[in-house]
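Contents: one structure, followed by commentary.
Nothing here was measured: the structure is a model prediction, and the numbers come from that model.
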Amino acid sequence: MYGSLFSRDVFAEIDRLQRSAQRSADSTPGVRAAARSAFPALNIHSTAQSVELFAFAPGLDPDSIDVRLDRGLLTVAGQRKVGLPASEPTDQQDRSAPTTVHINERFSGAFSRQVALPEDVDPDGVSATYTNGVLRISVKRKEAVMPRRIAVNA
């Protein structure tokens, strides 16, 4: 009739709480981790052939983005310049007066995101493209670990 505050499997609940605490304390998130409010925002998915990472970073110069893969740790770093437009003073305003910023929600400055990739990725099979503010990084998986069909001989 009435629902319980706890799940019926206490051990499963303890395991879930331990995993949640570990994720919040982990400084380098893995493929399945979620770090909110970090720049750039990431979407990560994987297929049998590759791991695909999408970093949403509009307004960057592609030459300022640094992508590195070292021992399974993928790092996306760079610098975003302050993008505040200069205001045009009117005839009544002093042209030397500074602009007053009331709200600035756009991130600026240096950034770095790190993601631990699975062990089966190929460090030689990495490609990165930046289009319309989205950085796409594709990391191929090693051929030896890809699933394949084995023929059965009669």
Side-chain angles (χ1 to χ4, degrees), residues 3-86 98-99 101-154:
S4 173
L5 294 175
F6 301 104
S7 66
R8 295 186 189 267
D9 187 358
V10 175
F11 295 111
E13 184 66 15
I14 291 171
D15 184 50
R16 185 191 67 77
L17 290 172
Q18 284 178 332
R19 282 182 283 140
S20 177
Q22 180 63 33
R23 275 195 308 267
S24 65
D26 195 4
S27 62
T28 56
V31 168
R32 290 184 175 88
R36 298 276 180 206
S37 74
F39 183 84
L42 301 176
N43 281 358
I44 303 171
H45 71 269
S46 62
T47 66
Q49 293 79 24
S50 66
V51 175
E52 303 289 329
L53 181 138
F54 295 88
F56 301 96
L60 294 180
D61 178 15
D63 294 332
S64 71
I65 303 171
D66 184 29
V67 178
R68 296 176 189 262
L69 179 60
D70 184 25
R71 296 183 199 132
L73 188 64
L74 180 72
T75 303
V76 178
Q79 179 89 13
R80 179 188 236 174
K81 296 182 172 121
V82 178
L84 294 175
T99 301
V101 177
H102 296 283
I103 297 175
N104 183 13
E105 296 181 344
R106 187 173 187 197
F107 171 82
S108 62
F111 64 88
S112 179
R113 292 290 306 264
Q114 294 182 327
V115 177
L117 296 177
E119 295 178 6
D120 64 348
V121 297
D122 183 7
D124 296 325
V126 181
S127 64
T129 56
Y130 183 76
T131 307
N132 295 330
V134 179
L135 173 65
R136 179 183 181 177
I137 303 169
S138 179
V139 185
K140 294 190 187 281
R141 296 185 185 267
K142 294 177 184 173
E143 288 286 329
V145 295
M146 285 192 195
R148 60 178 178 255
R149 182 163 175 82
I150 309 297
V152 178
N153 298 322

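- Once rounded to the nearest 0.5 Å, the distance linking OH of Tyr130 with CD1 of Ile65 reads 5.5 Å.
- For the atom pair CG of Leu117 and CG of Leu73, the computed distance is 7.5 Å after rounding to the nearest 0.5 Å.
- Between Phe54 and His45, the ring planes are parallel. Angles under 30° get that label, and only those over 60° would be called perpendicular.
- Between Phe56 and Phe39, the shortest heavy-atom contact is O-CE1, 4.1 Å.
- Taking CZ from Arg68 and CD from Gln114, the interatomic distance works out to 11.5 Å, rounded to the nearest 0.5 Å.
- Put simply, CD on Glu119 and CZ on Arg141 are 11.5 Å apart, with the number rounded to the nearest 0.5 Å.
- In this structure, OG1 on Thr129 lies 7.0 Å from CG on Leu135, to the nearest 0.5 angstrom.
- Separation of atoms CD1 (Ile44) and CG (Leu53) is listed at 4.5 Å; rounding is to 0.5 Å.
- Smallest separation of non-hydrogen atoms from Ala128 and Ile137: CB-CG1, 4.1 Å.
- Between Ser138 and Gln49, the closest side-chain pair of non-hydrogen atoms is not below 4.5 Å.
- What you find for Ala41 and Arg113 is that their closest heavy atoms are CA-NH1, 4.3 Å.
- Annotation for Arg80 and Leu60: closest pair CB-CD2, 3.6 Å, computed over non-hydrogen atoms.
- Looking at Asp66 and Thr75, their side chains never come closer than 4.5 Å, going by heavy atoms from C-beta outward.
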